[in-house]
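Chain letters run A, B, ... following the sequence lines, proteins first and then strands; every chain starts at 1.
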Amino acid sequence: MHLKITTWNINSVRLRLDQVGRALDEIGPDILCLQETKCPDNCFPLEGLRAFGYPHIAQVGQKGYNGVAILSRFPFASVDPQAWCERSDARHIAVTLGPEAGKAAGFVVHNFYVPAGGDLPDPEINPKFAHKLQFLDEMRRWGRTREARPAILVGDLNVAPLEHDVWSHKQLLDVVSHTPIEIETLETLREEGGWIDGARRLTPEPTKIYTWWSYRSPNWAIANKGRRLDHAWLSSDLAGTLRSVDVHAATRSWTRPSDHVPVTASLEL
DNA sequence: ATGGTGGTACAACCA
């Protein structure tokens, strides 16, 4: 059995509903995890998304900011949103796949939107950066006690951990998303949690991988100053099932695009 | 060193 799971920071699900449909058509995943839906629960376009062939949707939203959603061809056995840093800011939702998912039954899918962290990489003077570090630290503690079962963790983790996950390692060492403290925290939590970095398992360094290009660069494609902020991790028991990880960079050239592009992991179970 | 763009929602905040 093939299992395909896509993660995409959509930066407003209502504004880009048609783009979600197009991406689902072209990629054809079993599960799509969205971040930055930017949509309160009572405005979430449930019916529009279901019409794309994904009848099962779990989501948590809030007005204006954040928000995560999981669309699935398979029913869920359970849905578990979680609050982090004692805030109710819609940055995580998890589902457990039901028996209808066949060999993937019982798999847990975690969808995260880690805080971006503001501009200044100093937790003493920038509370947003302090929040980001606290969030990652909480993920680390959570991962240590996670139940041992097949799991997939995806999302916009807002950290580009490796040298070739950014266009210039040296120039970004002081830039939030690539500072040593964030990298250390993310890599430690990934290793302690027993997670495998899907994209890098199949495409090791020094090949560059980017999933995000800033809106602020008009010549983003030519300049190509990207970062790999979006990740697909597998629990170690799924390591042997990973067949491909694709970055759908073409969506960045669509009209009125998200600044992030979809990332798809394909598993053979 | 600065400002560059985009989304929400309508001023200011976040990315």
Counting primed atoms, P, OP1 and OP2 as sugar-phosphate and everything else as base, the B/S/- map of nucleotides 4-15 of chain B against protein heavy atoms under 4.0 Å is BBSSSS---BSB
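To the nearest angstrom, P of B/dA1 lies 15 Å from CG of A/D119.
Rounded to the nearest Å, the gap between the C1' atom of B/dA9 and that of B/dA15 is 16 Å. Here, B/dC14 and B/dC10 have their C1' atoms 15 Å apart, quoted to the whole Å.
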Given the rule in the salt bridge (Lys or Arg N to Asp or Glu O under 4.0 Å) test, do A/R141 and A/D137 qualify, once you have shown the distances and angles that lead to the verdict? CA-CA 6 Å; A/R141 277 177 276 134; A/D137 200 54; 3.5 Å; yes
TODO: Could you walk me through whether A/H231 and A/W195 pass ring pair (Phe, Tyr, Trp, His ring centres under 6.0 Å), step by step?
DONE: CA-CA 11 Å; A/H231 299 266; A/W195 300 104; over 10 Å; no
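Side-chain heavy atoms closer than 4.5 Å link hydrophobic residues (I, L, V, M, F, W, Y) into clusters, and following such links, possibly through other members, connects A/L46 to A/L34.
In this structure A/A223 satisfies the side chain to side chain contact (heavy atoms under 4.5 Å, CB included) test together with A/S217, A/K225, sequence neighbours excluded. Residues that satisfy the side-chain hydrogen bond (donor to acceptor under 3.5 Å, both in side chains) test with A/R146, not counting sequence neighbours, are absent from this structure. Partners of A/V79 by side chain to side chain contact (heavy atoms under 4.5 Å, CB included), not counting sequence neighbours, listed by chain and number: A/A58, A/F76, A/P81, A/I93, A/V95.
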Taking Watson-Crick and G-U wobble contacts under 3.5 angstrom, with | marking pairs to another strand and [ ] crossing pairs, the secondary structure of DNA chain B is written ....((((...))))
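The salt bridge (charged side-chain N to carboxylate O under 4.0 Å, His left out) pairs that include a residue from residues 255-269 of chain A number zero, where partners must be two or more places apart or lie in different chains.
In this pair, A/H260 and A/W212 present their aromatic rings tilted. The plane angle is within the 30 to 60° band.
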